[in-house]
2 protein chains.
Amino acid sequence: MPDRPTSRDVARLAGVSRTTVSLVLNNVPDVHISPETRQRVLEAARQLNYYPDASARRLVSGKTRTIALVWHRGPDQTYRDAFLPGLLQGVSRAAHHYGYYVLFRPIEPDEPDDAWVELARGRHTDGLILSGPRSDDIALLDLHREGFPLVLHGQFPGADIPSVDVDNERGAMTALRHLLALGHRRIGMITNAPLAYTASHQRLTGYRRALEEAGIAFEEALVRYGNFDEESGRRAMESLLALEERPTAVFVASDMVAVGALRALREHGLRVPEDMALVGFDDIAVSRYLTPALTTVHVPAFGLGWSAAELLIRIVEGDIPNETQVRLETELVVRESCGARITDADQRG
Amino acid sequence: MPDRPTSRDVARLAGVSRTTVSLVLNNVPDVHISPETRQRVLEAARQLNYYPDASARRLVSGKTRTIALVWHRGPDQTYRDAFLPGLLQGVSRAAHHYGYYVLFRPIEPDEPDDAWVELARGRHTDGLILSGPRSDDIALLDLHREGFPLVLHGQFPGADIPSVDVDNERGAMTALRHLLALGHRRIGMITNAPLAYTASHQRLTGYRRALEEAGIAFEEALVRYGNFDEESGRRAMESLLALEERPTAVFVASDMVAVGALRALREHGLRVPEDMALVGFDDIAVSRYLTPALTTVHVPAFGLGWSAAELLIRIVEGDIPNETQVRLETELVVRESCGARITDADQRG
DNA sequence: GGTGTATACTAACACGTGTCAGTAACACGT
DNA sequence: ACGTGTTACTGACACGTGTTAGTATACACC
C-alpha cells in the first residue's frame with residue numbers, strides 16, 4: 001500500500017499552504033480565497049485522490065460524528081431480533097441524513113451489563129442509543145448526569161433520560177376496541193412478558209382501560225402471563241381454554257406469543273376466528289404469513305430507530321428539545337384472525 | 001461536562017511520566033516497571049476514571065480497530081433483511097472477539113453505488129465487508145489492488161477478491177436429493193432471482209446436476225424464474241400449474257418466493273404436500289410458521305457473518321490465509337411441505 | 001502622506017496518544 | 001578502576017488535521 005496523500009501533499013502540489021487547503025476543502029465561510037487558488041487546490045486534491053484522515057479530524061475536532069446503537073441481548077433475543085432490521089435501518093438513515101456514522105454493538109448475556117461504557121468514556125462515539133433490558137445501571141445514570149448524550153429505546157422509570165418508545169397503552173386499547181366493536185364481551189389477555197417489563201405492564205393497563213371504557217368489569221381470571229416465546233403462549237392459551245367460561249376472544253400482547261397461542265387452539269381443534277378471535281401486538285414479519293393471518297398492532301420499528309437517532313443527534317449538537325420523551329403511535333393491522341370484514345386496502349397489509 | 005482526564009493527569013497524580021503511564025496501561029512487554037510504580041499508575045487511572053481517547057489512539061497507531069459492514073440495498077431488500085439479524089450478529093461477535101468495533105452502513109438505492117468508498121479512503125475503518133448486489137465497481141477493484149482489506153458477502157466473478165458465501169450448488173443438490181428420495185421424478189424449479197445473480201445461477205446448476213445424477217433428463221419447460229418476492233413466486237407457480245404434464249414437486253430456490261408459490265397452490269385448491277411437494281431455500285424466519293411448515297435449505301447467516309469478519313480481520317492483521325474464498329455448507333431442514341416422515345428431532349427445527 | 005480596511009494568504013499551536021532513543025543508578029565480574 | 005549489562009524510568013517526536021493570530025499587499029479615503 002503506497003502512502004496515502006495528506007493535506008501537505010495537496011498543499012505542495014497546489015503551491016499553497018496546508019492551511020489554505022483546509023480552508024478550501026472545508027468551505028470555511030467568511031474567509032477569502034481567490035477563485036484561481038481555490039480551483040488549484042480542488043484540482044490538486046482530485047488529482048491525488050485525497051481524503052482527509054478521519055482519526056486526525058476526530059482528534060482535533062473532538063467530535064467523532066458517530067453514534068452507537070447498543071443492543072442488549074436478553075431473554076427476549078429472538079423476539080427483539082424481529083425488530084432489528086427496521087430499527088437499525090431507521091437509526092442508520094437518520095444518522096446518515098445528519099452526517100453521522102453508526103456503530104453497532106450487541107452486548108451478549110455473558111458480558112457485563114455495562115460493557116458499553118467504554119464506548120462513551122473512550123470517546124468512540126458522540127452519543128449512544130441503548131436498547132434492551134438493563135439492570136438499573138449506575139454507569140448509565142453517571143453518564144447521564146455528566147451530560148453524555150444518551151437516548152433509550154424503551155423506558156427507564158425513575159430517571160428522566162431521553163427515550164423513544166411506542167405508546168403501548170394506546171396500542172393495546174386499539175386492539176381491544178377492535179374486538180369490542182366486533183361484539184366480543186368476554187375477552188382474555190395473554191401478556192407479552194412478566195409485568196416487570198414496562199411495556200408488558202402498559203399493555204395490560206391499556207387492556208383494562210379499554211374494558212373499563214366499554215363498561216366491562218376486569219377479571220383477573222382472564223389474564224395469563226406470556227414470556228416472550230411461543231411456548232409460553234401455548235401454555236397460556238391452554239390455561240385459558242381450561243376455564244369453565246371461556247373467552248370468545250384473546251388479546252395476545254406479542255405476536256411471537258400469539259404464534260404459540262394459535263398452535264394451542266389448533267391442537268384443540270378450535271377454529272380462528274370462528275371459535276376464538278385473536279389480536280396480536282408488534283406486527284413482526286411472520287404474522288402476515290400465519291394461517292389465519294394475524295390481526296395485530298403494528299409497531300413502527302423504522303420510526304423508532306429514526307426518532308431515536310434524530311433525538312440523539314439533536315442532543316449531541318446541543319439543540320436540546322424541550323420534550324425528550326418520544327412516544328410513537330401504533331396502528332392496528334386488520335387481517336384474518338378476528339373475522340372482521342377485510343377490505344381491499346387491508347388485504348395487502 | 002467536566003474535562004475528561006488525560007494520561008497527563010494520570011501521570012501527574014501517580015508522580016511519573018506520561019510515557020510510564022502508557023507503558024503500564026498498555027502492558028507493553030519486555031519493559032521493566034517496578035511493581036510499586038505499576039500499582040500507583042493503575043490506582044491513579046482508576047481514581048480518575050481514565051479511559052484513553054480513541055481518536056488520539058487511532059491517529060498515532062494508524063489503526064481504527066473498526067470494520068464496516070456495507071449493506072447495499074437493492075431489488076432484494078426485504079429478502080436480504082431476513083438475514084440481517086443473523087449476519088450482523090455474526091459479524092459483531094467475531095469482531096468483538098478479536099477486539100474490533102463494527103460500523104454499519106446501509107447504502108440506499110438512491111445513493112451512488114460507491115458511497116462507501118470514503119469509509120476506506122478516509123480511514124474510518126481498517127477493512128470492509130461488502131454485502132449485496134454491486135455493479136462491477138471500478139472503485140472496488142482499485143481499492144483491492146491497492147491492498148485495502150476487503151471481504152465480499154456473495155461472489156464477484158472475475159476478480160479474486162476474498163469472499164464468503166454459501167455453497168449454493170450443493171445446497172440445491174441436497175434439496176433435490178431429498179425430493180428424489182421421496183420418489184419424485186418430475187420435479188420443477190422456480191429460481192430465486194434472474195440468472196444474472198450468481199446465487200441464482202448456482203442453485204439452478206445444483207438442480208441440474210442432481211437430476212443428472214439421478215439419470216433424469218433436464219427439461220427447460222419445468223423451470224421458471226422468480227424475482228425475490230412473493231408475487232413472482234405466485235406467477236411462476238401459476239405458470240407451472242398450466243403445464244399439461246404437471247410436476248409432482250417443485251424446488252423453489254428462495255423461501256420468500258416459495259411463500260407466493262404456496263399461495264398459488266392454495267388458490268388452486270391443491271394440497272401440500274399431497275398434491276404437490278415443495279422445498280425452499282434460505283430458511284428465513286417465516287418458513288417454519290407457514291402452513292404447511294416449509295422444508296427448506298438452511299443458510300447459516302450467523303456463520304457467514306462470523307466467517308466474513310474473521311477472514312477480514314486476519315487480512316487486516318496481515319495474517320493472510322491461503323484460501324480466501326470461503327464456502328459454507330447448507331443444511332436441509334425437513335418440515336412438512338414434502339411429506340417426509342417427521343422425526344421428533346426435526347419437529348422443533 | 002498617513003490611517004484604515006479589505007483581500008489573500010501563512011506560521012504556529014493544539015488535540016492526546018504511542019514509541020524510540022536516551023539516561024541515571026546500580027550490580028557484577030575481572 | 002573499568003567496562004558491561006540490567007533495571008526503571010523519561011524527553012521528545014510523530015501522527016494529520018482544524019484553527020487562531022498574524023502578515024503582506026493593495027487600495028481607498030481625507
Side-chain angles (χ1 to χ4, degrees), chain A residues 1-42 44-45 48-66 99 118 121-124 126, chain B residues 1-42 44-45 48-66 99 118 121-124 126:
Chain A
M1 255 186 295
D3 273 7
R4 289 188 332 125
T6 70
S7 65
R8 178 166 287 105
D9 299 319
V10 177
R12 199 173 311 147
L13 182 59
V16 296
S17 75
R18 223 178 42 66
T19 305
T20 304
V21 172
S22 174
L23 296 177
V24 169
L25 296 183
N26 294 319
N27 255 316
V28 179
D30 299 331
V31 75
H32 305 274
I33 306 283
S34 74
E36 306 84 58
T37 305
R38 191 176 291 272
Q39 197 47 47
R40 273 213 319 286
V41 170
L42 290 173
L48 294 175
N49 201 15
Y50 169 73
Y51 284 76
D53 182 89
S55 305
R57 212 174 227 203
R58 287 174 173 219
L59 176 59
V60 69
S61 72
K63 297 280 164 201
T64 63
R65 298 207 73 87
T66 300
E118 57 158 334
R121 298 235 110 100
R123 284 297 185 278
H124 285 87
D126 293 342
Chain B
M1 254 187 295
D3 273 6
R4 288 185 337 124
T6 71
S7 65
R8 179 166 286 109
D9 298 320
V10 177
R12 199 174 310 147
L13 182 59
V16 295
S17 73
R18 222 178 42 69
T19 305
T20 304
V21 172
S22 174
L23 295 177
V24 169
L25 295 183
N26 294 320
N27 255 315
V28 178
D30 299 329
V31 75
H32 304 273
I33 307 283
S34 76
E36 306 86 56
T37 305
R38 190 176 291 273
Q39 197 49 48
R40 273 215 318 287
V41 170
L42 291 172
L48 294 175
N49 201 15
Y50 169 73
Y51 284 75
D53 183 90
S55 304
R57 219 177 219 196
R58 287 173 173 220
L59 176 59
V60 69
S61 72
K63 297 281 165 202
T64 63
R65 297 207 72 88
T66 300
E118 58 156 333
R121 297 235 111 100
R123 285 296 186 276
H124 285 87
D126 294 340

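So that the names make sense, note that chain A is the first sequence line, chain B the second, and so on, each numbered from 1.
- The backbone N or O of Lys63(B) lies less than 3.5 Å from no partner atom in the side chain of Asp126(B), so there is not a single donor-acceptor pair.
- Taking atom CG of Asp30(B) as the reference point, atom P of dA8(D) lies 14 Å away to the nearest angstrom.
- Residue contacts shown for Ser55(A) are absent, as no nucleic acid heavy atom lies under 4.0 Å away.
- At the phosphate of dA8(D), neither OP1 nor OP2 sits under 4.0 Å from any side-chain N or O atom of Ser34(B).
- If you take CZ of Arg123(A) and P of dT17(C), they are 12 Å apart, rounded to a whole angstrom.
- Toward the 5′ end of DNA chain C lies the nearest nucleotide of His32(A), the other residue of the pair Val16(A) and His32(A) mapping further downstream.
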Look for any protein N or O under 3.5 Å of an N or O in nucleotides 11-18 of chain D and output each such pair with its distance, or none.
unit_1  : atom_1 : unit_2   : atom_2 : d
dG11(D) : N7     : Thr19(B) : OG1    : 3.4
dG11(D) : O6     : Thr19(B) : OG1    : 2.8
dA12(D) : N6     : Thr19(B) : OG1    : 3.4
dT17(D) : OP1    : Tyr50(A) : OH     : 2.6
dT17(D) : OP1    : Asp53(A) : N      : 3.2
dT17(D) : OP2    : Ser7(A)  : N      : 2.7
dT17(D) : OP2    : Ser7(A)  : OG     : 3.2
dT17(D) : O5'    : Tyr50(A) : OH     : 3.4
dT17(D) : O4     : Arg18(A) : NH2    : 3.3
dG18(D) : OP1    : Asn26(A) : ND2    : 3.1
dG18(D) : OP1    : Arg57(A) : NE     : 3.0
dG18(D) : OP1    : Arg57(A) : NH2    : 3.2
dG18(D) : OP2    : Ser22(A) : OG     : 3.0
dG18(D) : OP2    : Asn26(A) : ND2    : 3.4
dG18(D) : O6     : Arg18(A) : NH2    : 2.6

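- A donor-acceptor pair under 3.5 Å is absent between the side-chain atoms of Arg123(A) and the main chain of Ser55(B), judged by distance alone.
- Shown here, dG3(D) forms a base pair with dC28(C); the pair counts as Watson-Crick or G-U wobble because both key distances fall under 3.5 Å.
- Checking Thr19(A) against Ser22(A) by side-chain atom types alone, no donor-acceptor pair falls below 3.5 Å.
- Shown here for Ala14(A) and Val41(A), the closest heavy-atom pair between the two residues is CB-CA, 4.0 Å.
- Atoms CG (Leu23(A)) and C1' (dA11(C)) sit 13 Å apart, rounded to a whole Å.
- What separates CD of Glu36(B) from C1' of dA8(D) is a distance of 11 Å, to the nearest Å.
- Rounded to the nearest 0.5 angstrom, Asp53(A) CG and Arg58(A) CZ are separated by 10.0 Å.
- The backbone N or O of Arg18(B) lies less than 3.5 Å from no partner atom in the side chain of Arg8(B), so there is not a single donor-acceptor pair.
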